[in-house]
Engineer: 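Just dropping this structure here.
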Amino acid sequence: MRLTTLSAAPSSPVTTRNRPSQSPQFPPSSVGARSKSVASTSHFLQPERFASLIDKSKSIKQLLQIHAALVRHGLDQHPVLTFKLQRSYSSIGRLDYSVALFNLTDNPDVYLWTAIIHSHAQYGLSEKSLIYYTQMLTQGVQPNAFTFSSVLKGCSLEDGRALHSHAIKLGFGSDMYVTTGLVDAYARGGVIISAKQMFDTMPEKSLISLTTMLTCYAKHGKLQEARLLFDEMQDKDVICWNVMIDGYAQHGLPNQSLSLFRQLLAAKIKPTEFTVLSVLSSCAQLGAVDSGRWVHSYIENNGIQINVQVGTSLVDMYCKCGSLEDARKVFDQINDKDVVAWNSMIMGYAIHGFSEEAFQLFNTMSNIGLQPTDITFIAILAACGHSGLVSEGWRFFNLMIDRYNIEPKVEHFGCMVNLLGRAGRLKEAYDLVRSMKIEPDPVLWGTLLWACRLHNNVILGEEIVQFLVSHNLASSGTYILLSNIYASAGNWDGVARVRSLMKDSGVEKEPGRSFIEVNNKVHEFVAGSLRHPKRKEIYLMLEEINSLLRANGYTSQTQMVLHDLEYDWIGF
DNA sequence: TTAGGGTTAG
């Protein structure tokens, strides 16, 4: 007895592309029967001929014609043809037809079961593919190595473990494809040790299995291990480079990412769309606008398509580098902008204080019927914060909850606390934090403390710090902020107390860092470090700037700097 | 006369 039910006409294609305007007729019995269709020229077509027709078909119309012809020729249960047709439906995004065909097949063989499992896994429907897998077992059909490699794709860690023992039991535990799938499953589940163990059991490693392991390391920030593997790899293709470059970009090492990108170009390997996404992210992190522009023109001159993802990356890069005009130019040229593209541009305006432009884009986006996301509201609330628009902030905060049913996250509360704090409404900000149903994070507390410092509210500052210390939530930043609060109130005893408290509890301040790009080279400065080769010239120049400033009547605001625990000589 | 594994933006 089959567990799957025979479904009526399929109705939900996987993608909206190629969707026919009218309801599809299924199973097809007369499509193309009387017309001069590809499949109706002969009544005696051999299965081989049908197989080749299916392989050549690219549209749903052609596939339906062939399917109809198969029914007429009594070949609709032919295992090979059913398999091919199923795969073709799925490959053009019609998983619905694929499933319907599967349901109409009397005794699906291991090929068809594996194909339906594979199709669902391909579309990210891994739970569904696991259901098919269990149904397959219930039907008494034995899975093979192909089945395992398909069902492992995207499965959960728990399911991956179960499938692992199942694969061993059935003798597929050392198949290269199955093992690679297991490395990937353990890696996605975050169990790097198990992934590595699987990897090590492989007698032979393919480029794919090496890349899977490399991805595991890179995704989990194990960049040294990743680099070691990367350097050992012979015959690296561009995907390996992409994984490594992206690993650096995603884990705060944008300089290494750019440096590896240069090596890729030097090795005459052609970057892809994936490559430029990571590289643009690195440029954005560094504020390296010259490198960013170079990548932009590289994209334009080397046939890399500026699709919505690449376009958004460019927008983000230009925004973070402070070049809003360039960002807007790219933004306006992106076709089929999705919400992420809108969010990036709105965020760009927000962080640079152009709240009006941010609001305008928000309105345009709403007017064209695009639903804002939680990120959109972070951008909008940040824009309110930069312009001190308290009532606008509350309006958007409530709009988000009431109209768009978006639950505020800690970041939204952070924006509100920042907004209220800047406006001096500390009590309101503190009450908001205390009323939160979710746990406030250290950044949020920091924002509130920073506002106490800004408005010299020592009492509330102390209260918050006491709360944080007693709940074991205090970080070095907490102490620094409290010290600053005392300093700005002229309370030197307080400053001394915080210093000794920090010393006693062994808290160390993370050194501040800053970057600047000069002539395509990014220079990094760490507070207190004098390692830059041109430090003498830099100091001389700083002194010269200071003299000029003083000569023009500028007195620096040393109130904070003097009483900070470490003097960040470059960050000003 | 059938098949499987690796990299995307806030």
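In what follows, every chain begins at residue 1, and chains take the letters A, B, ... in the order their sequences are listed.
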Engineer: Which residues, if any, of residues 406-414 of chain A bring a heavy atom under 4.0 Å of DNA chain B?
Structural biologist: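 Hits under 4.0 Å, by residue number: none.
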Engineer: Please list, in numerical order, the residues of residues 351-366 of chain A that have a heavy atom closer than 4.0 Å to any atom of DNA chain B.
Structural biologist: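 Residues of residues 351-366 of chain A that come under 4.0 Å of DNA chain B do not exist, since none gets that close.
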Engineer: Quick one: side-chain hydrogen bond (donor to acceptor under 3.5 Å, both in side chains) partners of Asn144(A), sequence neighbours excluded?
Structural biologist: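 Expected list: Thr147(A).
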Engineer: What is the 5' to 3' range of DNA chain B, first to last nucleotide, that sits under 4.0 Å from any heavy atom of chain A?
Structural biologist: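 Contacts span dT1(B) to dG10(B), reading 5' to 3'.
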Engineer: Arg188(A): what forms a side-chain hydrogen bond (donor to acceptor under 3.5 Å, both in side chains) with it, not counting sequence neighbours?
Structural biologist: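 With neighbours one apart ignored, the set is Asp184(A).
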Engineer: Base, sugar-phosphate or nothing for Val243(A)? Non-hydrogen atoms, less than 4.0 Å.
Structural biologist: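 Touches sugar-phosphate only.
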Engineer: At under 4.0 Å between heavy atoms, what does Lys320(A) touch on the DNA or RNA strands: base, sugar-phosphate, or nothing?
Structural biologist: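 Sugar-phosphate only.
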Engineer: Would you check if the side chain of Gln309(A) reaches a backbone N or O of Leu277(A) as a donor-acceptor pair within less than 3.5 Å?
Structural biologist: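 No, because the side chain of Gln309(A) does not come within donor-acceptor range (under 3.5 Å) of the backbone of Leu277(A).
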Engineer: Any idea which heavy atoms bring Leu286(A) and Leu258(A) closest together, and the distance?
Structural biologist: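 Nearest heavy atoms, Leu286(A) then Leu258(A): CD1-CD1, 3.7 Å.
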Engineer: Could you identify which residues of residues 232-241 of chain A place a heavy atom less than 4.0 Å from some atom of DNA chain B, listed by residue number, or say none?
Structural biologist: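 Per residue number, the list reads Asp237(A), Ile239(A), Cys240(A).
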Engineer: With sequence neighbours excluded, tell me which residues meet side-chain hydrogen bond (donor to acceptor under 3.5 Å, both in side chains) with Ser257(A).
Structural biologist: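 Expected list: Ser282(A).
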Engineer: Indicate the ring-plane relationship of His67(A) and Tyr89(A), choosing parallel, tilted or perpendicular according to the 30° and 60° boundaries.
Structural biologist: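 Geometry flag for Tyr89(A) against His67(A): tilted rings.
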Engineer: Determine the contact category for Thr179(A): base if any of its heavy atoms lies under 4.0 Å from a base atom, sugar-phosphate if only primed atoms, P, OP1 or OP2 are that close, otherwise nothing.
Structural biologist: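 Here Thr179(A) touches no strand at all.
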Engineer: Could you tell me whether Asp338(A) contacts a base, only the sugar-phosphate backbone, or nothing, with contacts defined as non-hydrogen atoms closer than 4.0 Å?
Structural biologist: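 It contacts base atoms.
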Engineer: Check ring pair (Phe, Tyr, Trp, His ring centres under 6.0 Å) between Phe146(A) and all other residues, then give those that pass, not counting sequence neighbours.
Structural biologist: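 If we apply the ring pair (Phe, Tyr, Trp, His ring centres under 6.0 Å) test to Phe146(A), skipping adjacent residues, there are no hits.
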Engineer: Regarding Leu112(A), tell me which of base, sugar-phosphate or nothing describes its non-hydrogen contacts under 4.0 Å with the strands shown.
Structural biologist: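 No contact.
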Engineer: Please identify each residue that fulfils side-chain hydrogen bond (donor to acceptor under 3.5 Å, both in side chains) with Asn335(A), with sequence neighbours left out.
Structural biologist: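 If we apply the side-chain hydrogen bond (donor to acceptor under 3.5 Å, both in side chains) test to Asn335(A), skipping adjacent residues, there are no hits.
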Engineer: So His166(A) and Tyr133(A), would you call those rings parallel, tilted or perpendicular, with 30° and 60° as cut-offs?
Structural biologist: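 Perpendicular.
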Engineer: Is Cys240(A) close to Leu207(A) at the side-chain level, that is, under 4.5 Å between some pair of heavy atoms?
Structural biologist: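 They are in side-chain contact.
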Engineer: Tell me which pairs pass ring pair (Phe, Tyr, Trp, His ring centres under 6.0 Å) where either residue lies in residues 187-210 of chain A, with sequence neighbours left out.
Structural biologist: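 Listed once each, the pairs would be none.
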Engineer: Does Asp235(A), at its CG atom, have more than 12 non-hydrogen atoms belonging to other residues, nucleotides or ligands within less than 6.0 Å?
Structural biologist: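 Result for CG/Asp235(A): open.
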Engineer: Quick one: are Phe377(A) and Ile401(A) in side-chain contact, heavy atoms under 4.5 Å?
Structural biologist: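 Counting from C-beta outward, Phe377(A) and Ile401(A) never come under 4.5 Å.
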Engineer: Touch check for Asn343(A), heavy atoms < 4.0 angstrom, all strands: base, sugar-phosphate only, or nothing?
Structural biologist: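 Answer is base: heavy atoms of Asn343(A) come under 4.0 Å of a base.
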Engineer: Considering every strand and a 4.0 Å limit on heavy-atom distances, what is the contact class for Met176(A): base, sugar-phosphate, or nothing?
Structural biologist: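 Touches a base.
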Engineer: For residues Ile438(A) and Pro408(A), report the shortest heavy-atom separation together with the two atoms involved.
Structural biologist: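 Here Ile438(A) and Pro408(A) meet closest at CD1-O, 3.8 Å.
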Engineer: For Asn343(A), run the side-chain hydrogen bond (donor to acceptor under 3.5 Å, both in side chains) check against Asp374(A), Thr373(A), Asp338(A) and tell me which one passes.
Structural biologist: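 Answer to the side-chain hydrogen bond (donor to acceptor under 3.5 Å, both in side chains) test with Asn343(A) among Asp374(A), Thr373(A), Asp338(A): Thr373(A).
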Engineer: Between residues 145-168 of chain A and DNA chain B, which residues have a heavy-atom gap below 4.0 Å?
Structural biologist: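 DNA chain B contact set from residues 145-168 of chain A: Ala145(A), Phe146(A), Ser149(A), Lys153(A).
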Engineer: Would you mind listing every side-chain hydrogen bond (donor to acceptor under 3.5 Å, both in side chains) that reaches into residues 345-361 of chain A, with sequence neighbours excluded?
Structural biologist: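 The answer is Arg328(A)-Tyr349(A), Ser355(A)-Ser387(A).
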